[in-house]
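Numbers for residues simply follow the sequence, beginning at 1. These figures come from a predicted structure and were not determined experimentally.
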Amino acid sequence: MVYRNISILAIAWTLTLAGCGGGAAGSADSDPGRPVEPMTAAFAQPDERPLVAWPACLPSGQGVDYAVGPGQALTALDQVPWERLAPGDTVRLHHSTTPYRGKFLLAAKGTATHPVRVCGVRGPNGERPVVDGQDATTRPALAAALGDNVSDIQQSRALVMVTKLASDAWTDRPSHVQIDGLKFTRAHPDYRFRDAAGVVKPYSNFGACLWIDRGVHITIADNELTDCVMGVFSRTTDDGSGAVTENLRLVGNVIRGHGIAGSESEHGTYTQAL
């Protein structure tokens with residue numbers, strides 16, 4: 001449950017600070033007389049209750065509208081030119097009775113006034129469109145977009161990869177990108193996918209439904225993330241400004257059912273970011 005996950009992360013962060021700071025004054029562990037705060041009403045809400053009112057999945061009117069699904073111009077995820085998305089573009093996944101079995105890349109550089117959005121048009125009973133990693137296919141053009149040196153590992157890590165293109169400068173980062181209103185499931189070594197070269201292989205032991213390799217102003221909202229190694233992973237290293245995830249917003253998501261049996265190194269959310 002997203003609320004339980006957030007509360008666990010908050011507790012872990014408090015304990016880490018206490019352990020690293022030397023003096024743990026003010027922590028619950030060091031002050032046995034300090035009362036434990038009760039769970040708030042916000043954390044006690046049911047899983048599916050949204051935290052925010054989210055706008056409908058409609059064309060932005062500022063770029064190209066890529067409508068995907070039954071009766072739409074595009075029927076599969078690998079028909080979307082992910083490597084060429086531009087500011088203001090919208091990719092709208094319409095509800096379908098069968099899951100979208102595909103993987104995709106987001107490398108676009110949107111702006112504050114012209115963001116790039118991938119969103120779900122819900123079904124008649126409010127169902128989120130489903131992106132399923134089992135037997136998912138990969139757009140062939142994404143191999144060249146990622147580059148030979150990273151393509152294989154990047155493809156095996158996630159259903160959605162947010163990173164720069166191989167043709168971009170090292171300092172380039174995706175920006176002002178938003179993913180909302182979708183269900184992502186089954187990016188886990190128990191499952192198989194078809195890569196950009198058509199080879200069937202398992203997912204990596206360290207991956208996620210959504211893997212943010214770098215980016216700035218990235219919003220992940222109102223999604224359900226389940227049955228992956230991790231729900232959301234964001235990466236930041238000391239390899240320069242381009243290797244940083246910055247201003248990452250996670251809001252209103254349901255994140256549950258992740259992990260590798262017997263391992264404590266994978267989490268619902270694993271965020272390295274500023």
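Under the 4.5 Å side-chain contact rule for hydrophobic residues, Leu210 and Val244 do not share a cluster. Grouping the Ile, Leu, Val, Met, Phe, Trp and Tyr side chains by contacts below 4.5 angstrom, directly or via other members, places Val91 with Val64.
Salt-bridge annotation for Arg128 and Asp222: present, with a side-chain N of the basic residue lying under 4.0 Å from a carboxylate O of the acidic one. Taking 4.0 Å as the cut-off between side-chain N and carboxylate O, Arg186 and Asp132 count as a salt-bridged pair.
Using modelled atom types, one side-chain atom of Gln155 and one backbone atom of Ala196 make a donor-acceptor pair closer than 3.5 Å. Formation of a donor-acceptor pair under 3.5 Å by the Arg173 side chain with backbone atoms of Val216 is not found in this model. Here the side chain of Thr245 pairs a donor or acceptor atom with the backbone of Arg235 at under 3.5 angstrom. Side-chain N or O atoms of Asn253 include none that pairs as donor or acceptor with a backbone N or O of Ile255 at under 3.5 Å. Lys103 places no side-chain N or O within 3.5 Å of a backbone atom of Gly133 that could act as its donor or acceptor partner. A donor-acceptor pair is defined here as one N or O able to donate and one able to accept, closer than 3.5 Å; no such pair exists between the side chain of Thr271 and the backbone of Ser234. Using a distance-only test at 3.5 Å, with no hydrogens or angles considered, a donor-acceptor pair links the side chain of Arg101 to the main chain of Gln134. Arg192 places a side-chain N or O within donor-acceptor distance of the main-chain N or O of Pro189, the cut-off being under 3.5 Å. Judged purely by atom type and a 3.5 angstrom limit, Gln272 uses its side chain to pair as donor or acceptor with the backbone of Thr236. Of the possible donor and acceptor atoms, none in the side chain of Thr75 sits under 3.5 Å from a partner among the backbone N and O of Gly69.
In this structure, NZ in Lys201 is found 5.5 Å from CZ in Phe193, a value given to the nearest 0.5 Å. Here the straight-line distance linking atom OG1 of Thr219 with atom CG of Leu250 works out to 9.0 Å at 0.5 Å rounding. With rounding to the nearest 0.5 Å, the separation of CH2 in Trp211 from SG in Cys228 is 12.5 Å. Here the NZ-CG distance, from Lys183 to Asn223, works out to 12.0 Å after rounding to the nearest 0.5 Å. With values rounded to the nearest 0.5 angstrom, Phe233 atom CZ is found 11.5 Å from Thr269 atom OG1. Interatomic distance, Asp172 CG to Leu165 CG, rounded to the nearest 0.5 Å: 8.5 Å.
Nearest heavy atoms, Phe104 versus Leu77: CD2-CD1, 4.1 Å. Annotation for Tyr100 and Val68: closest pair OH-O, 3.2 Å, computed over non-hydrogen atoms. Closest approach of Cys209 and Ala187 over heavy atoms only: CA-CB, 4.5 Å. Contact between Ile179 and Val160 at its shortest, heavy atoms only, is CD1-CG1, 4.0 Å. Taking each heavy atom of Pro174 and Leu106 in turn, the nearest pair found is CG-O, 3.8 Å. Across all non-hydrogen atoms, the minimal contact from Ser241 to Thr171 is OG-CG2, 4.2 Å.
In this structure, the side chains of Cys57 and His94 stay at 4.5 Å or more apart for every pair of heavy atoms. Proximity of Glu266 to His258: side-chain heavy atoms (C-beta onward) are nowhere separated by under 4.5 Å. Residues Pro59 and Arg92 have side chains in contact (heavy-atom distance under 4.5 Å, counting atoms from C-beta outward). The shortest side-chain heavy-atom distance between Val229 and Ile260 falls under the 4.5 Å cut-off. Side-chain contact between Ser265 and Tyr270 is absent, with no heavy-atom pair separated by less than 4.5 Å. Val232 is listed as a side-chain neighbour of Ile212, based on a closest heavy-atom distance under 4.5 Å. By the 4.5 Å heavy-atom criterion applied to side chains, Leu105 and Gln154 are not counted as neighbours. Counting heavy atoms from C-beta on, the side chains of Pro124 and His95 come closer than 4.5 Å.
Ring pair His176/His217 is parallel by interplanar angle, where below 30° counts as parallel and above 60° as perpendicular.
Results of the side-chain contact (heavy atoms from CB on, under 4.5 Å) test with Tyr66 over Leu93, Thr90, Leu85 single out Leu85 as the only residue that passes. Shown are Val131, Asp135, Thr185, Val130; of these, the side-chain contact (heavy atoms from CB on, under 4.5 Å) with Pro99 is made only by Val130.
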ring-ring contact (aromatic ring centres under 6.0 Å, His included) evaluation trace for Tyr191 with Tyr203: CA-CA 7 Å; Tyr191 308 114; Tyr203 290 91; 7.5 Å; no
Step by step, work out the side-chain contact (heavy atoms from CB on, under 4.5 Å) result for Met161 and Leu142. CA-CA 11 Å; Met161 178 65 63; Leu142 296 188; over 6 Å; no
